[in-house]
Chemist: 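One structure follows; several queries about it will come next.
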Amino acid sequence: MARYVLALDQGTTSSRAILFGEDGLPVASGQEEFRQIYPKPGWVEHDPEEIWQSQWHAIQACLAKAGVAAEEIKAIGITNQRETTVVWDRRTGIPLYNAIVWQCRRTGPACDELRARGLAETFRAKTGLVIDAYFSGTKVAWILDNVSGAREAAERGDLVFGTVDSWLIYKLTNGQRHVTDYSNASRTLLFNIHELDWDRELLDILRVPRSMCPEVVDSSGTAGVCAREWLGAEIPIAGIAGDQQAALFGQGCWTPGATKNTYGTGSFVLMNTGTNAVPSTEGLITTIAWGIGGAVTYALEGSIFITGAVVQWLRDELKLIGSAEESEALAESVPDTGGVYVVPAFVGLGAPHWDSYARGTIVGLTRGSNRAHIVRAALESIAFQTRDVLEAMKKDSGESVDVLRVDGGAINNGFLAQFQADILGVKVERPQVTETTAMGAAFLAGLATGVWDGFTPLERAWKRDALFSPAMSVDRRGALLSGWERAVGRSKGWEQ
Ligand code: ADP
């Protein structure tokens with residue numbers, strides 16, 4: 001009988017289900033979008049029931065396409081939009097409030113207050129994170145403080161919180177399991193990444209009762225069993241990881257120093273640092289990549305806010321291109337940008353610069369600057385920003401990257417991939433299957449259930465599509481980087 005692994009990829013705008021075969025390759029998939037709720041400027045919510053329903057429909061669509069029976073599915077792996085927070089009633093399973101999404105800025109003032117109390121170092125040392133509205137902890141506190149009766153119910157032990165992985169597992173196990181994995185726990189501001197436990201002091205500071213916290217389990221290991229009523233067979237839920245960590249795993253970055261970058265709307269660069277939780281002095285965060293057999297692997301992470309989105313901006317706002325794909329030929333139609341730099345600091349700059357007052361800028365324009373120069377400069381900005389994060393990683397970890405594994409929509413651009421290799425002086429490797437997030441979740445689940453008995457079959461599943469080797473002279477690279485650094489300087493501190 002065939003043995004499949006079902007990966008659930010619960011993202012920010014849609015839920016997907018992808019079935020993987022024993023060869024580690026995708027067989028079929030299903031997808032459903034759900035509503036984005038914007039109650040106020042800067043606030044973002046999802047309806048937890050819609051998250052679940054869309055996930056369930058995606059599963060059904062995927063399995064219908066594949067024509068595979070539930071008995072043939074050996075395991076389920078879950079990967080999820082990270083940090084998004086749900087609070088629900090332990091007994092009834094009814095959410096108290098919408099899910100507060102990672103993008104939501106409502107707890108910004110609460111974070112300012114925590115920083116003003118001098119707590120930044122406490123949180124950094126224990127969680128590896130910076131105090132920011134992005135992470136889950138202040139979102140849980142917000143629900144307890146703002147939903148009538150919530151705090152009392154939480155103190156009585158009636159409420160639980162979880163990230164989306166916890167919520168889906170609660171649903172799939174019919175309320176039997178309230179769990180999360182190490183990678184998701186490490187994004188909450190409540191989890192001590194060294195002691196591997198919820199932190200009493202941080203729970204007290206954020207006023208979150210410990211009884212609300214999920215049990216933290218391995219990223220690869222049976223965390224629960226999907227109830228028979230859903231698919232007609234009991235299936236172990238055996239893999240869990242936050243989306244970027246799952247992508248790191250799916251990219252085969254299993255050893256210290258291995259690094260990946262995903263080029264979507266923004267970019268997430270993650271470097272495996274092994275058993276070493278490397279603290280950052282360079283504007284990165286320290287996070288748990290995954291936990292297997294009770295031992296965790298750490299990662300350094302840098303997030304860049306705008307990468308692929310600068311291409312959308314060229315298309316939709318400037319109308320310099322008709323499609324994202326067109327940017328490649330246009331960039332290649334000129335030998336260089338003629339000294340033009342685009343710094344896409346549209347929402348400030350993320351890692352490693354962290355300047356929320358930075359704004360986008362185009363510098364170096366001359367009478368001869370044309371559309372192709374600007375498009376090329378915008379693509380180059382994606383590579384320059386990635387280089388800034390990798391430089392920070394090198395300083396923090398003392399490790400230099402030999403090969404950067406890449407995925408995400410924008411890196412299909414051949415010009416960008418080659419320029420990335422050139423500007424890093426490092427090989428850039430792109431896989432055939434770019435569904436690395438779902439692949440990571442499937443790998444974690446299949447490893448735990450004997451579908452794969454080690455990394456060798458997974459190495460075979462990771463097939464290279466293209467390798468880009470650096471070909472730029474050191475002098476030219478140096479000149480371009482010095483221009484980029486000056487351009488970034490011009491964008492910083494603009495908004496007052
Ligand atoms: P997300 O998951 O964040 O929506 P995707 O991985 O689907 O992102 O990537 C989409 C992004 O990649 C968009 O911002 C788009 O502008 C960019 N993109 C897609 N194709 C290309 C291309 N050929 N060249 C440059 N950018 C591209």
Chemist: Could you check whether atom CZ of R486 has more than 12 heavy atoms from other residues, nucleotides or ligands sitting under 6.0 Å from it?
Modeler: no
Chemist: Given R187, which of T127, T287, T85 fulfils the side chain to side chain contact (heavy atoms under 4.5 Å, CB included) condition?
Modeler: T287
Chemist: Given the rule in the side chain to side chain contact (heavy atoms under 4.5 Å, CB included) test, do W290 and N272 qualify, once you have shown the distances and angles that lead to the verdict?
Modeler: CA-CA 10 Å; W290 48 77; N272 181 326; 3.8 Å; yes
Chemist: Does K463 offer a backbone N or O that forms a donor-acceptor pair with the side chain of Q432 under 3.5 Å?
Modeler: no
Chemist: Tell me whether E113 at atom CD has more than 12 heavy atoms from other residues, nucleotides or ligands lying less than 6.0 Å away.
Modeler: no
Chemist: Between Y298 and I193, is there a donor-acceptor pair closer than 3.5 Å when you use the side chain of the first and the backbone of the second?
Modeler: yes
Chemist: Does any N or O in the side chain of W254 come within less than 3.5 Å of the main-chain N or O of F249, such that one atom is a donor and the other an acceptor?
Modeler: yes
Chemist: Hey, is the main chain of W102 close enough, under 3.5 Å, to the side chain of T84 for a donor-acceptor pair?
Modeler: yes
Chemist: Going by heavy atoms in the side chains, are L202 and L189 under 4.5 Å from each other?
Modeler: no
Chemist: L206 versus V140: any side-chain heavy-atom pair under 4.5 Å?
Modeler: no
Chemist: Any cation-pi pair here, R82 with F268, using under 6.0 Å and within 45°?
Modeler: yes
Chemist: Flag yes if more than 12 heavy atoms outside F455 fall under 6.0 Å of its CZ atom; otherwise flag no.
Modeler: yes
Chemist: Does a side-chain heavy-atom distance below 4.5 Å link L144 with M212?
Modeler: yes
Chemist: Is there a side-chain contact between S303 and Q244 (heavy atoms, below 4.5 Å)?
Modeler: no
Chemist: Between S220 and L444 (side chain of the first, backbone of the second, donor and acceptor by atom type, cut-off under 3.5 Å), is there such a pair?
Modeler: yes
Chemist: Output yes when K492 and D355 qualify as a salt bridge under the 4.0 Å nitrogen-oxygen rule, no when they do not.
Modeler: no
Chemist: Counting neighbours of CZ on R490 that are heavy atoms of other residues, nucleotides or ligands and sit closer than 6.0 Å, is the number greater than 12?
Modeler: no
Chemist: Hydrogens and angles aside, do T361 and S491 bring a side-chain donor and acceptor to less than 3.5 Å of each other?
Modeler: no
Chemist: Is any side-chain heavy atom of L119 closer than 4.5 Å to a side-chain heavy atom of R117?
Modeler: yes
Chemist: With side chain to side chain contact (heavy atoms under 4.5 Å, CB included) as the criterion, how do L404 and T386 come out once you've worked through the C-alpha distance, each side chain's angles and the decisive distance to 0.1 Å?
Modeler: CA-CA 10 Å; L404 178 67; T386 302; 4.2 Å; yes
Chemist: Tell me whether the rings of W198 and F161 are parallel (<30°), tilted (30 to 60°) or perpendicular (>60°).
Modeler: perpendicular
Chemist: Output yes when R200 and E195 qualify as a salt bridge under the 4.0 Å nitrogen-oxygen rule, no when they do not.
Modeler: no
Chemist: Under 6.0 Å from the six-membered ring centre of W484 and within 45° of its axis: does the NZ or CZ of R387 meet both?
Modeler: no
Chemist: I would like to know whether L190 and S136 meet side chain to side chain contact (heavy atoms under 4.5 Å, CB included); could you show each step before the answer?
Modeler: CA-CA 8 Å; L190 298 170; S136 312; over 6 Å; no
Chemist: Test side chain to side chain contact (heavy atoms under 4.5 Å, CB included) on N412 and Y263 and set out the steps.
Modeler: CA-CA 9 Å; N412 290 322; Y263 300 76; over 6 Å; no
Chemist: Start with the C-alpha distance between Q31 and S14, add both sets of side-chain angles, then the distance that settles side-chain hydrogen bond (donor to acceptor under 3.5 Å, both in side chains), and finish with yes or no.
Modeler: CA-CA 7 Å; Q31 177 166 16; S14 76; 2.8 Å; yes
Chemist: Check whether H373 reaches the backbone of G339 with its side chain - one donor and one acceptor, N or O, closer than 3.5 Å.
Modeler: no
Chemist: I want to check something: taking the side chain as every heavy atom from C-beta on, are I18 and D9 in contact at a cut-off of under 4.5 Å?
Modeler: no
Chemist: Please check if the side chain of D47 supplies one atom and the backbone of N98 the other of a donor-acceptor pair under 3.5 Å.
Modeler: no
Chemist: If we only count heavy atoms from C-beta on, is the P279 to R124 side-chain gap below 4.5 Å?
Modeler: yes
Chemist: Hey, do the aromatic rings of F419 and F384 have their centres closer than 6.0 Å?
Modeler: yes
Chemist: Show your reasoning for whether salt bridge (Lys or Arg N to Asp or Glu O under 4.0 Å) applies to K126 and D197.
Modeler: CA-CA 10 Å; K126 293 183 174 209; D197 199 1; over 6 Å; no
Chemist: Only one of Y97, Y38, W142 passes ring pair (Phe, Tyr, Trp, His ring centres under 6.0 Å) with W43; say which it is.
Modeler: W142
Chemist: Between Q418 (side chain) and S469 (backbone), is there a donor-acceptor pair under 3.5 Å?
Modeler: yes
Chemist: Quick one: does Q245's side chain have a donor or acceptor within less than 3.5 Å of a partner on I288's backbone?
Modeler: yes
Chemist: Can you check side-chain hydrogen bond (donor to acceptor under 3.5 Å, both in side chains) on N184 and S166, steps first, answer last?
Modeler: CA-CA 9 Å; N184 278 294; S166 302; over 6 Å; no
Chemist: Just one of V164, T180, D243, D181 clears the side chain to side chain contact (heavy atoms under 4.5 Å, CB included) bar with N80, so which one?
Modeler: V164
Chemist: Step by step, would you call T163 with D165 a side-chain hydrogen bond (donor to acceptor under 3.5 Å, both in side chains)?
Modeler: CA-CA 6 Å; T163 39; D165 54 316; 2.5 Å; yes
Chemist: Among R106, R207, K139, find the residue that satisfies the salt bridge (Lys or Arg N to Asp or Glu O under 4.0 Å) test when tested with D145.
Modeler: R207
Chemist: Examine distances only and state if a side-chain atom of E399 and a backbone atom of K394 form a donor-acceptor pair shorter than 3.5 Å.
Modeler: no
Chemist: Answer whether the closest heavy-atom distance between the side chains of T437 and T262 falls below 4.5 Å.
Modeler: no
